[in-house]
Chemist: 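Structure provided below as structure tokens; questions to follow.
Just the heavy atoms: all of them, side chains too, but no hydrogens, waters or symmetry mates, feed the values below. When a residue number appears, it is its place in the shown sequence, counting from 1. Read the numbers this way: they start at 1 and go in the same order the structure lists the ligands and their atoms. Since this is a predicted model, take the numbers as computed values, not measurements.
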Amino acid sequence: MINASLKQLAAALAEKRISAVELATLFLDRIERLNPALNAFITIDREKTLAQARAVDVSGKLGAGDTAQRSLLAGIPLAHKDIFCTEGWRTTCGSKMLANFVSPYDAHVVEKLAAAGMVTLGKLNMDEFAMGSSNETSYFGAVKNPWDRARVPGGSSGGSAAAIAARLAPAVTGTDTGGSIRQPAALCGLTGLKPTYGVVSRYGMIAFASSLDQAGPMAKSAEDCALLLTAMAGFDSRDSTSLERPAEDYSRELEKPLSGLKIGLPKEFFGEGMEPDVRAAVDAALAEYRKLGATTVEVSLPNSALSVPAYYVIAPAEASSNLSRFDGVRYGYRAPEYSDLADMYSKTRAQGFGAEVKRRILIGSYVLSHGYYDAYYLQAQKIRRLIAADFSAAFGECDVIMGPTAPSVAFAFGAKSADPVQMYLSDIYTISTNLAGLPGMSLPCGFGQGGLPVGLQIIGRWFDEARMLNAAHQYQRVTDWHTRLPEGVQ
Ligand code: GLN
């Protein structure tokens, strides 16, 4: 059961080989047994989960008959990154600031997946306010990589990635502002997808950098991600950047052969910086794609070296504004002792936020301040434009772009935490996608140093998720990297 695809789980539920309650119990028991060593979950609530599963069992949402009415995902458990507001559950965003916050409403994503009958297993650990690439900034402690517990799972959706890798959940949600779905997916050996900006509503998703944040699915395979994305996507008037487009079935192109697919390989992604073991696995994956009938062509993204510096102006600028709402007045943490209102604000924020969040707020306030706005913020916005234009030009020559997801396999705890710039470079291949608003995904393509997973990144044209998923699925039909389990996970 733990290795079953979502389709296989759906069949087992429909044929009454297992009930939603039994399936939820199976995963809850695994969480109880394996989570203490991994710290992937911040909150679990057996009663709530089982009540939701019971409701699905009796609702008639399951059952072989009436397939038109039945959601394929009904009765399948999933866990949410703790950035999504979930009514009645704690939503901490990995921060002391929200350690006791219980949301009075559901995020759009949570609402949609619950409407499809999916059962919430719990809330997943993450870097504080989704700022990080290693999950070491969480107030609730670091998450361990199930492939090697001395190493990071990646971030900021590290709890999400570890939960899939250790089979604590068959599906999870994540968010990706600069790589937080794809990089942990790569480091933990799973498949994750960041949709085109605006495809999934940000309503109820705690804001980090609003013009970059996008939610997406993480699971064992592209086939599973396609099903989840179909359920998550959709217009929502409560998010002003949500796009009003016809509903899509993201599974519709999965089975298309790849003959004729043109893969662009940006020369900037294959230069210095990528570790040799990552390079070997990515090269082997590209050879596999050629066998499947695809052709490769070199393309160029000349401004990609500027993506990390531009991102670390734009993302902190937006974060400094978004995080001003955490002031101890309306919700979340409030300093227990203070002299007056200004002192209350300052003590609350000094005590409630961790070091990385404070660093971003300081950088963001600085680049937005009078006198520096033109030099930094405006300049970064111009670079953002150039990066999007680079992609437009590259897509004139290819259908999808491929390359590494991350420059190295999972690194050891502490290896980069003393040097923020080193940490920021973990997202060197993923950040440009967010700046351009493009869809991107990561899928396992082999193992590198220490037997640790390597991720292949696929970047699609705007709204070309179905084709990206097609390319990923066809590869997963002829390879088995995505089915491998870390030692000790059973
Ligand atoms: N690692 C990047 C950062 O720290 C991206 C985070 C994310 O995508 N949420 O900002």
Side-chain angles (χ1 to χ4, degrees), residues 80-84 93-95 124-138 142-143 152-161 172-188 192-195 197 200 202 205-218 307-320 322-323 353-364 367 380 384 405-408 410-411 415-417 419-442 455 457 459:
H80 289 294
K81 183 175 181 178
D82 211 12
I83 197 167
F84 293 99
C93 219
S95 182
L124 294 159
N125 206 342
M126 54 180 284
D127 277 302
E128 185 178 9
F129 285 102
M131 297 171 187
S133 301
S134 65
N135 230 290
E136 292 168 288
T137 73
S138 170
V143 177
V152 306
S156 63
S157 312
S160 304
V172 296
T173 52
T175 62
D176 192 312
T177 303
S180 281
I181 287 177
R182 291 161 287 159
Q183 186 256 13
L187 271 43
C188 289
L193 186 149
K194 178 204 101 68
Y197 184 78
V200 172
R202 292 182 295 105
M205 190 176 115
I206 295 170
F208 162 13
S210 311
S211 76
L212 301 159
D213 297 342
Q214 191 61 199
M218 297 165 82
S307 64
V308 172
Y311 172 90
Y312 279 98
V313 171
I314 295 168
E318 295 185 19
S320 71
N322 276 325
L323 270 58
F353 289 135
E356 183 61 27
V357 174
K358 286 178 189 158
R359 180 180 295 130
R360 308 266 180 129
I361 293 173
L362 287 172
I363 296 172
V367 300
R384 186 173 188 174
T405 305
S408 72
F411 45 91
K416 301 191 183 191
S417 29
D419 183 350
V421 174
Q422 275 309 309
M423 186 70 85
Y424 296 169
L425 288 172
S426 308
D427 293 320
I428 180 111
Y429 303 123
T430 49
I431 273 181
S432 51
T433 316
N434 300 75
L435 289 168
L438 289 164
M441 64 184 294
S442 180
Q457 184 175 206
I459 301 171

Chemist: Going by ring pair (Phe, Tyr, Trp, His ring centres under 6.0 Å), name the residues that satisfy it together with Tyr197, two or more places apart in sequence or in a different chain.
Modeler: none
Chemist: Is Asp176 in polar range of ligand 1, meaning some N or O pair under 3.5 Å apart?
Modeler: no
Chemist: Tell me the protein heavy atom at minimum distance from atom 2 (C) of ligand 1, and give that distance in Å.
Modeler: Asp427 OD2, 2.9 Å
Chemist: What is the nearest protein non-hydrogen atom to atom 5 (C) of ligand 1, stated with its residue, atom name and distance?
Modeler: Tyr311 OH, 3.3 Å
Chemist: Of all the atoms in ligand 1, which lie at a distance below 4.0 Å from a heavy atom belonging to Met131?
Modeler: 4 (O)
Chemist: Working to the nearest 0.5 Å, report the span between CG of Asp127 and CD of Glu136.
Modeler: 8.0 Å
Chemist: Output, in order, the C-alpha distance, side-chain angles, deciding distance and verdict of side chain to side chain donor-acceptor pair (under 3.5 Å) for Glu128 and Thr137.
Modeler: CA-CA 6 Å; Glu128 185 178 9; Thr137 73; 5.5 Å; no
Chemist: Which of the numbered atoms in ligand 1 are below 4.0 angstrom from a heavy atom of Gly179?
Modeler: 8 (O)
Chemist: To the nearest 0.5 Å, how far apart are CD in Glu318 and OG in Ser211?
Modeler: 3.5 Å
Chemist: So, is Gly178 polar-close to ligand 1, with some N/O to N/O distance under 3.5 Å?
Modeler: yes
Chemist: What residue among Asp213, Asp176, Thr177 forms side chain to side chain donor-acceptor pair (under 3.5 Å) with Asn434?
Modeler: Asp176
Chemist: Atom OG1 in Thr433, atom CG in Asp427: separation rounded to 0.5 Å?
Modeler: 10.0 Å
Chemist: Report the nearest protein non-hydrogen atom to atom 7 (C) of ligand 1: residue, atom name, distance rounded to 0.1 Å.
Modeler: Ser180 OG, 2.4 Å
Chemist: For atom 3 (C) of ligand 1, what is the nearest protein heavy atom, given as residue, atom name and distance?
Modeler: Tyr312 OH, 3.2 Å
Chemist: Of the backbone atoms (N, CA, C, O) and the side-chain heavy atoms from C-beta on, which set of Phe129 has a member under 4.0 Å from an atom of ligand 1: side chain, backbone, both, or neither?
Modeler: neither
Chemist: Could you grab the distance from atom OG of Ser160 to atom CG of Asn135, nearest 0.5 Å is fine?
Modeler: 8.5 Å
Chemist: Could you give me the CA-CA distance, side-chain angles and deciding distance for Ser307 and Ser432, then say whether side chain to side chain donor-acceptor pair (under 3.5 Å) is met?
Modeler: CA-CA 5 Å; Ser307 64; Ser432 51; 4.8 Å; no
Chemist: Which atoms of ligand 1 are found less than 4.0 Å from any heavy atom of Ser156?
Modeler: 9 (N)
Chemist: Look at ligand 1 and say whether Arg360 reaches it with a heavy atom at a distance under 4.0 Å.
Modeler: yes
Chemist: Does Ala315 have a heavy atom less than 4.0 Å from any atom of ligand 1?
Modeler: no
Chemist: Parallel, tilted or perpendicular, judged at 30° and 60°: which one describes the rings of Phe353 and Phe129?
Modeler: perpendicular
Chemist: Would you mind telling me if ligand 1 is within reach of the side chain of Ala130, the backbone, both or neither, using heavy atoms under 4.0 Å?
Modeler: both
